[in-house]
Each structure stands twice: as structure tokens, then as C-alpha cells.
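Some notes on the structure that comes next.
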Amino acid sequence: MDLYDLVHGGGDAGRRTEGAPRPPATTAEELTAGLNPEQRKAVLHESGPLLILAGAGSGKTRAITHRIAYLVRVRGVPASAILAITFTNKAADEMRTRVDALVGPVSGYMWVGTFHAMMMRILRRHIDRLGFDRSFTVVDTDDQHRTVRACIADLGLDEKQFQVRSVHAAISRAKNDLQGVEEFEALAGGDWRQQKIAAVYREYQARLRRSGTLDFDDILLYAVELFERFPDVLSTYQDRFRHVLVDEYQDTNRVQYLIVRMLSAKHGNLCVVGDDDQSIYAFRGATVRNILDFEKDFPSCAVIKLEQNYRSTRAILDAANHVIAHNRGRKAKKLWTDVGEGEKVVLMLPADQEAEAFGVADRIQELTHRAGAARQEYREIAILYRLNALSRNFEEALNNARIPYRIYGGTRFYDRREVKDCIAYLNLIANGNADVAFERIVNVPRRGIGDATLSALVQAAGSRGLSRLDACACASEEPTLSRAAGRLGAFRGLILRFRERLAGNAAGLSDFIESVQNESGQIQELVDQNDEEGRDRLENLKELLSSAVLYERAVEEKRAALERGLPEGLHADDRDPPPADLAGMLLGFLEQVALYSDTDAMDETKDFVRLMTVHSAKGLEFRTVFLVGAEEGLFPGFRAIDSEDELEEERRLMYVAITRAKETLYVSAAKSRLMYGQTRGAMPSRFVREIPEEMLEVVEPGARRRSLLFERSGPAPWRDPDRVRYERSPGTAYGAPSGAGGGSGAGFGRPAAPMPGPGVRAFAPSKPAAPPPVAAKVPGALGADEIEKGARVLHARFGPGTVKQKEPVAGDAILVIEFDGAGTKRLMARQANLLRET
DNA sequence: GAACACCTGGTTTTT
DNA sequence: CCAGGTGTTC
């Protein structure tokens with residue numbers, strides 16, 4: 001048993017965090033007990049660059065965390081000198097948890113996080129050197145698109161020819177490749193289209209800069225610019241981070257490569273871990289070259305290969321190895337396992353997507369109702385697909401079979417309209433120049449500021465060099481705006497009042513946000529809407545408050561930890577102080593909102609089947625995996641079919657999918673599939689055909705008996721392209737699955753929970769959000785639970801009245817009150833500040 | 001300014 | 001088919 005197991009009370013998953021804390025290890029022997037020789041080499045590597053080529057399931061996280069522990073406990077490297085970069089926030093959380101178990105609370109002094117989160121920390125401190133205000137905010141994808149759209153319109157370009165998505169993609173690609181506007185223009189040469197895109201790029205950057213905002217790519221790009229232009233800043237961080245470790249190195253892009261290179265240039269202690277076979281983000285600018293060329297870039301580097309897989313059976317691993325062997329230009333390696341042969345990979349060939357969904361549901365029932373050790377829990381099962389769109393097929397079948405499930409991905413919690421509106425208010429309050437936020441909410445709820453007014457305002461703002469918000473103050477001087485001047489002034493007044501409250505540190509974060517929701521009129525609008533949708537949205541707004549409460553608690557915890565004093569060997573400068581005031585809290589919260597995704601909050605303990613894309617499954621493992629939609633045109637997608645490079649990326653994706661399975665793997669390829677309203681014949685994916693036939697067990701769910709085709713000798717027809725006909729069936733539309741709302745839904749209709757705070761391991765309640773403990777604004781005001789139907793109450797403005805109806809919503813309640821002198825109103829209990837009539 | 005009809009296009013995604 | 005965007009009408 002190795003130290004990790006000791007700390008965690010044994011077991012394989014390493015996700016458990018309970019168990020009595022043990023005294024941290026202090027010897028190399030203790031730290032490497034239970035590791036294989038290669039892992040041990042990785043842990044004990046002294047100094048200089050190190051490349052760890054870690055195959056799927058080869059225990060790389062264990063190697064990395066033990067290495068960090070070794071550096072800190074044995075080599076005496078201060079925790080604050082460690083910078084560990086991961087691909088997702090979830091991975092960062094896990095790494096911190098696991099290191100914490102090995103080294104204790106000093107782990108709080110390490111910097112562990114994504115590239116973006118880490119560079120945000122740095123930019124927050126120094127971005128003024130680049131001419132930005134330090135209270136800059138981050139725009140999300142949606143705002144990026146809005147901005148690009150505006151630029152395209154401004155330049156008088158045709159949106160048909162210059163599609164927002166593709167123009168934005170081009171800009172993003174350029175940024176990830178370190179091409180500034182100038183360089184992009186130079187490269188455009190005489191190409192008219194490229195020139196125009198360059199013009200959009202220029203305008204886009206100018207707009208972002210004017211509004212004091214950064215997009216995701218800027219976070220990294222400006223970090224590089226900062227380091228390049230201000231060597232003293234770079235030097236500070238080079239001296240501080242004496243060990244830089246990067247996980248998922250195969251998914252880094254040029255900018256990230258440069259950051260890592262710059263930060264480690266002085267001491268050369270750069271340790272990267274990755275697997276070229278799992279590089280699946282080239283479409284986003286990641287380049288496998290970073291990992292393939294590591295030995296060239298860092299000639300003195302040590303290379304360690306981790307090839308023993310601890311996750312999957314041999315049957316699964318062999319299948320994976322056969323598929324990936326078809327890729328060229330990969331580092332030679334062959335994963336092996338001693339877990340045992342296991343059962344054959346099952347190839348399901350259902351007739352269509354319905355039979356597929358019901359076949360999978362059927363099999364899940366069977367797996368979860370077995371006796372003894374063969375019985376599986378829902379949480380051990382995942383359904384993986386290439387495209388989010390495929391998830392819909394499964395909802396109906398799983399509901400039907402009463403199988404609890406949850407879909408990951410799709411719409412983020414923070415992407416819901418009402419939540420985004422609230423966030424836009426907060427962004428505008430934090431940063432008055434945030435024009436995109438302004439435009440989003442200036443008329444939400446309706447304030448009589450329509451398109452005409454808005455474009456006149458934009459005009460006025462442009463000519464005066466003011467932000468939209470400040471231009472509102474000059475509306476009376478503009479003939480085109482004079483009629484709306486009152487309304488614009490009122491809106492600006494509203495925002496300024498919030499800003500004063502913010503500057504005056506007048507409340508806690510969640511109270512503050514609640515006041516914004518109330519006083520902006522957002523809440524009242526939904527209360528008046530008086531339908532199911534309105535109540536849903538109210539719940540989401542309340543849930544946003546819950547995540548603000550979690551954030552407050554996380555900050556509080558961090559503050560308390562810092563006050564406990566400095567562990568030995570650390571300096572006061574190493575502290576990364578939590579936000580000290582309301583304004584800082586707001587910025588921190590907004591940052592978290594921008595940088596955290598739904599999948600980061602995946603709760604591993606809940607018992608339901610997980611549905612997600614293969615991309616989001618990277619880094620995860622499941623006892624049983626159903627890989628569905630393994631058909632030509634779908635996986636690989638038809639766009640990838642005529643490009644060798646893209647085909648190889650798809651193959652790596654398939655490799656990732658297969659290697660997620662520990663014990664049982666089902667691959668399914670429907671013979672015909674309804675897509676985009678059309679039924680198309682389909683053929684099993686070429687990747688499936690790359691698995692030797694004898695390694696597969698073929699089943700046809702839904703078929704009365706095995707098809708004659710499969711009892712014949714000779715090549716099975718499904719792997720012979722000529723024998724599989726594209727059967728065109730009439731466009732019979734199966735009713736759309738009764739999806740309970742679109743996007744990210746949970747089994748039996750629960751929306752996804754919001755994110756935890758940074759470093760908070762407690763997750764938000766996924767049941768109807770417990771109301772955040774927000775203090776009532778008026779002393780003695782009645783809470784929702786103190787008001788019953790029929791009660792006599794007193795309202796500050798409407799006077800006395802009788803409660804006619806009470807509808808509970810997310811811990812609060814909508815009250816219908818008949819006032820004696822002011823008619824009947826619908827009010828939110830907490831906002832109404834009612835008193836009992838005396 | 002809102003409600004409705006029409007059209008278009010449609011990977012993967014974390015940050 | 002279905003979401004999101006645009007255009008038309010009242």
C-alpha cells in the first residue's frame with residue numbers, strides 16, 4: 001500500500017478525501033512506495049526539463065502529485081514556488097486536493113489552476129502597465145460574438161459573407177498563434193477577404209480595449225505582452241516559480257507554450273505531462289507539435305514514458321491500441337495492462353437511433369440489476385457521443401426506463417438568459433465602460449429605450465469619446481436623444497447608485513447582488529410574468545445568489561487560513577490575498593463566473609448515469625462506457641473525412657473514448673439515423689472497423705433474432721463498405737423526444753447546479769436551491785415562511801392588505817396581496833419587506 | 001415595441 | 001428537425 005492509499009484509506013479511484021490526515025511524508029522512499037519504476041523516476045527527477053509521456057490511465061496524476069510532494073517535503077522547495085497548470089478547473093481542484101493530502105495545508109500556497117486562471121491573477125496585478133484599468137472584466141463567448149457582429153456591421157460588411165462565427169474563429173486562431181493585428185494584416189497581403197477580417201480584428205480589439213474588457217484569448221496574449229515588455233515583471237515570476245508543471249501538455253497552443261517557456265527560462269525546471277495520442281483540441285489552436293518537439297525545444301530534457309495502464313481490461317486496451325496504431329506521426333508507445341483480459345468489446349448494431357437508445361437503456365437496466373459484484377451503480381456508467389445533439393435521443397429512453405441520468409455540457413448555468421442579464425448588470429457596475437453589458441441590459445426589463453434611442457446613443461457616445469453609460473448623462477444636449485433623456489438618465493442613475501454602494505462597501509456580496517436583482521426590476525418582471533417559466537427563472541436568479549454565498553464563504557475561509565500565520569519557509573510576499581472589499585469580491589466573483597464551466601461542478605457521488613461528449617469525458621473513467629453513434633459521417637464527422645489531419649484527430653478522439661472504460665465497453669452504430677429531420681443510412685465507423693473482428697462481440701438490440709448476415713462466414717458485412725447499402729427510408733419523423741427543456745437538463749428535470757467557489761470543495765445543493773442567508777433590509781420585516789395565506793400585512797408604500805395567495809419559489813415566495821387602498825399586487829416576499837399589521 | 005412568420009445553417013469546447 | 005436571427009405587421 002502506498003502513501004496515497006494510506007492517506008485515503010485505500011481504494012483505487014483516489015477521489016475520496018475523507019480519512020484521518022496523516023503526518024506528511026518526509027522521505028523519498030515513503031513517497032514513492034507503491035509506484036512503478038517509471039513513475040518513481042518521474043517523481044525523483046532532480047532538475048531541468050522533464051517530459052512525461054503518459055498513456056491513458058497510466059497514473060500520471062499520481063506521478064505529478066507525488067512529484068510535487070517530493071519537491072516540497074523532501075527537497076524543501078517552498079510551496080509558493082510551485083506553479084501547476086491544468087486544463088480544467090476540475091482537474092486543478094483534484095490536483096490540489098490530492099497534493100494537500102500529501103503535504104498538508106501549505107498546499108494552499110501553491111498556484112494550481114488553468115492557464116487562464118493563473119494569468120488572470122498576474123494580470124489583475126500588473127495590467128495597468130499595458131494601459132488597462134485593473135478593474136477590467138472578461139467577456140464571454142456570447143459577448144465576443146456580439147462584438148464581432150457589431151464590428152462587421154460597422155465596417156459595412158455583409159454578414160452573409162463574413163459570418164460571425166467564422167470571423168471570430170479566425171481572430172481567435174490568430175491570437176492563439178500570437179499574431180497581433182499588424183502581423184495579421186501583413187499576412188493578409190492582397191487577399192481581400194483576409195484584409196477585411198484584419199479590419200474586423202483591428203476594430204474588435206479596439207472595442208474591447210475601449211471598454212476595458214478582455215476575451216479569453218487576450219488573457220493569455222496580454223500575459224505574454226506583459227512579460228515581453230516588462231522583464232522586471234517576468235523576472236518576479238520566474239524567481240518565484242522555481243518549478244513549473246503542466247498537465248495535458250498535448251492540448252496547449254502556441255501562446256501557452258510561450259508562457260510556459262518564458263516562466264521557466266531562468267531555472268529550466270519545467271515538467272510537462274501529456275499524451276500525443278490524446279490531443280483532441282487542434283480545432284482550438286492546440287498543437288501536438290508542442291509535445292512532439294519538446295525534446296528539440298529543451299535539448300537537455302529527460303523523457304519518461306508511462307505505459308502501464310491501471311484502468312482498463314486488456315480487451316479494451318487492445319481495441320484502443322489497434323485503433324490508434326493507424327495514426328502516423330505519433331510517438332511510439334504501447335500501453336499494457338495486467339488487470340486481466342476482461343470481456344470482449346460489444347458492438348451494438350441497432351436499426352436506428354431509437355433502437356439504439358432503447359437498447360442502451362435496456363443494457364443499463366440489466367447491468368444495474370445484476371446480483372453480487374457484477375451489479376453496477378448508475379454512477380459507474382457513462383454514455384458518450386461525438387455531438388451534443390445526440391443526447392436528446394437518450395432522454396426519452398432513459399426516462400421511460402426510469403433510469404436517473406444527467407446530461408453534461410450544453411447550456412451552462414451562467415448562460416441562462418436571466419442569469420446572464422444579472423451578470424451583465426454586475427459587469428456594468430464593476431466596469432462602467434463595459435459597453436456590451438450596457439447594451440444587453442439597458443432595456444431589460446423594458447424601460448422604453450429601443451433600437452432607435454440606442455443607436456442615437458451609440459452615435460453620441462462615439463462622437464464624444466464616452467462610454468455608453470456616461471453618454472446617457474449628455475442625452476439632453478443631443479437633439480436625437482432629448483426625448484429619451486429622462487429614461488437614459490434614470491438608468492445611469494440606477495447604475496451609479498449601485499456603484500456608490502459598491503464603493504462604500506455597503507453590504508456582503510450576495511446581499512449586494514440581491515439588491516441589484518430587486519432594484520433593477522429583474523425580479524419584479526419575472527414575478528409579473530406569472531407562469532412556469534417565470535418561476536424557473538426566479539429560481540435561477542436565486543441560485544445565482546447561492547453561488548455568490550459559496551464564493552463569500554470560500555473567500556472567508558481563505559482569509560481565515562492566511563490569518564493562521566505563515567508556514568515555515570514561506571514569505572509574507574507569497575500570500576495571495578483574497579479580495580478585501582466588496583468591489584474586489586465582485587471582480588473575483590465575475591471572474592469565476594467567466595472562467596468556470598458546468599462540468600467543473602460534476603458531482604462524483606450522485607447516483608446517475610452520465611451523458612456527455614467524448615471531449616468532456618477526457619480525463620474521466622467509468623466502469624462501463626456506451627460509445628454511441630459510432631458511424632461514418634458522425635464519428636468521424638463528415639467534415640473530417642477528406643482531411644488526413646482531421647481524421648487523425650478524430651481517431652485520437654475515438655482512442656480517448658475507448659480508454660475511458662474500465663471494465664465494459666459498448667460501441668454502437670445505428671444502421672440508419674434521423675438527423676436534421678432526415679433519415680440517413682449509416683455504416684459503422686471506420687475506427688470500429690480498425691478493431692479486429694475477433695475482438696468484438698456483435699449484438700443487434702431490438703432484432704427478433706440474429707440477422708442471417710452475421711451467421712455467414714467471410715467478412716462480416718458491416719465491415720465491408722460495399723455490402724452496406726445506404727437505405728433511404730421515408731422521412732418518417734419520430735416525435736421529438738419529450739425533452740424537459742433544452743440544453744443541460746438532469747434526469748427527472750433538475751437543472752444543473754451552479755459552480756462552487758474557487759477552492760471550495762463543497763458543491764452547491766442540486767435540489768431546489770436553499771435560500772441564501774441574506775439579511776432582510778428592513779429590521780423586523782417578515783420572511784417568506786412567516787407569511788401565510790389570509791395574513792394581514794403592512795407594506796411601506798401600498799399600506800395594509802390581505803395575502804390572497806402564496807406561491808413558494810426557491811425558498812422565497814411570490815405573494816398576491818389585495819391592498820386595502822392600492823389594488824392587488826404580486827410581490828416577492830423577501831423584497832416586499834412586509835410588516836405584520838398591528 | 002411586441003408578436004409572429006420566414007429563413008438559414010448546423011462539430012467538438014475550455015477558458 | 002430546431003434554434004436563433006431577421007423581417008413584417010399591427
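In what follows, every heavy atom counts, from backbone to side chain, and hydrogens, waters and symmetry copies are set aside. Per chain, numbering begins at 1; letters A, B, ... match sequence-line order.
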In whole angstroms, how far is the [atom2] atom of [N] from the [atom1] atom of [X]?
{"X": "A:Met675", "N": "C:dC1", "atom1": "CE", "atom2": "C1'", "answer": "10 Å"}
{"X": "A:Phe87", "N": "B:dT13", "atom1": "CZ", "atom2": "P", "answer": "11 Å"}
{"X": "A:Leu620", "N": "B:dT14", "atom1": "CG", "atom2": "C1'", "answer": "14 Å"}
{"X": "A:Gln353", "N": "C:dC1", "atom1": "CD", "atom2": "C1'", "answer": "11 Å"}
{"X": "A:Phe216", "N": "B:dT15", "atom1": "CZ", "atom2": "C1'", "answer": "5 Å"}
{"X": "A:Glu591", "N": "B:dT14", "atom1": "CD", "atom2": "C1'", "answer": "15 Å"}

From the list B:dT15, C:dT6, B:dT14, which nucleotide is the closest neighbour of the side chain of A:Glu159? C:dT6
Listed pairs under 3.5 Å, donor-acceptor, residues 654-661 of chain A side chains, sequence neighbours left out:
from: A:Thr659; atom 1: OG1; to: A:Tyr655; atom 2: O; distance (Å): 2.8
from: A:Thr659; atom 1: OG1; to: A:Val656; atom 2: O; distance (Å): 3.1
from: A:Arg660; atom 1: NE; to: A:Val656; atom 2: O; distance (Å): 2.8
from: A:Arg660; atom 1: NH1; to: A:Leu620; atom 2: O; distance (Å): 2.9
from: A:Arg660; atom 1: NH2; to: A:Gln278; atom 2: OE1; distance (Å): 3.4

For A:His116, ring-ring contact (aromatic ring centres under 6.0 Å, His included) partners two or more places apart: none
If the condition is salt bridge (Lys or Arg N to Asp or Glu O under 4.0 Å), which residues does A:Arg261 pass it with, not counting sequence neighbours? none
Report the residues that fulfil salt bridge (Lys or Arg N to Asp or Glu O under 4.0 Å) with A:Glu225, sequence neighbours left out, ordered by chain and then residue number. A:Arg229
Does B:dT14 have its OP1 or OP2 closer than 4.0 Å to a side-chain nitrogen or oxygen of A:Asn89? no
Kindly write out the residues that satisfy side chain to side chain contact (heavy atoms under 4.5 Å, CB included) with [X], not counting sequence neighbours, or none if the list is empty.
{"X": "A:Asn443", "value": "A:Arg446, A:Arg447, A:Ile449"}
{"X": "A:Ser482", "value": "none"}
{"X": "A:Asp158", "value": "A:Lys160, A:Gln161"}
{"X": "A:Arg639", "value": "none"}

Expected output is a numbered-order residue list: members of residues 438-451 of chain A with a heavy atom under 4.0 Å from any atom of DNA chain B. What is it? A:Arg446, A:Gly448, A:Ile449, A:Gly450
Contact check, residues 244-259 of chain A vs DNA chain B, heavy-atom distance under 4.0 Å, returns none
With P as the reference atom in both, quote the distance from B:dT13 to C:dG4 in angstrom, rounded to an integer. 16 Å
For the residue pair A:Phe136 and A:Phe132, categorise the inter-ring angle as parallel (less than 30°), tilted (30 to 60°) or perpendicular (more than 60°). perpendicular
Kindly state each residue pair satisfying salt bridge (Lys or Arg N to Asp or Glu O under 4.0 Å) with at least one member in residues 163-176 of chain A, sequence neighbours excluded. A:Lys175-A:Asp215, A:Lys175-A:Asp218
Protein and nucleotides 7-12 of chain B: nitrogen or oxygen contacts under 3.5 angstrom:
from: B:dT12; atom 1: O4'; to: A:Arg386; atom 2: NH2; distance (Å): 3.0
from: B:dT12; atom 1: N1; to: A:Arg386; atom 2: NH2; distance (Å): 3.4
from: B:dT12; atom 1: O2; to: A:Arg386; atom 2: NH2; distance (Å): 2.4

Please classify B:dT12 as syn or anti, treating any glycosidic angle within 90° of 0 as syn. anti
Checking side-chain hydrogen bond (donor to acceptor under 3.5 Å, both in side chains) between A:Arg651 and each of A:Glu646, A:His326, A:Glu690, which is the one that passes? A:Glu690
Kindly indicate whether the side chain of A:Arg284 and the base of B:dT15 share any N or O donor-acceptor pair separated by less than 3.5 Å? no
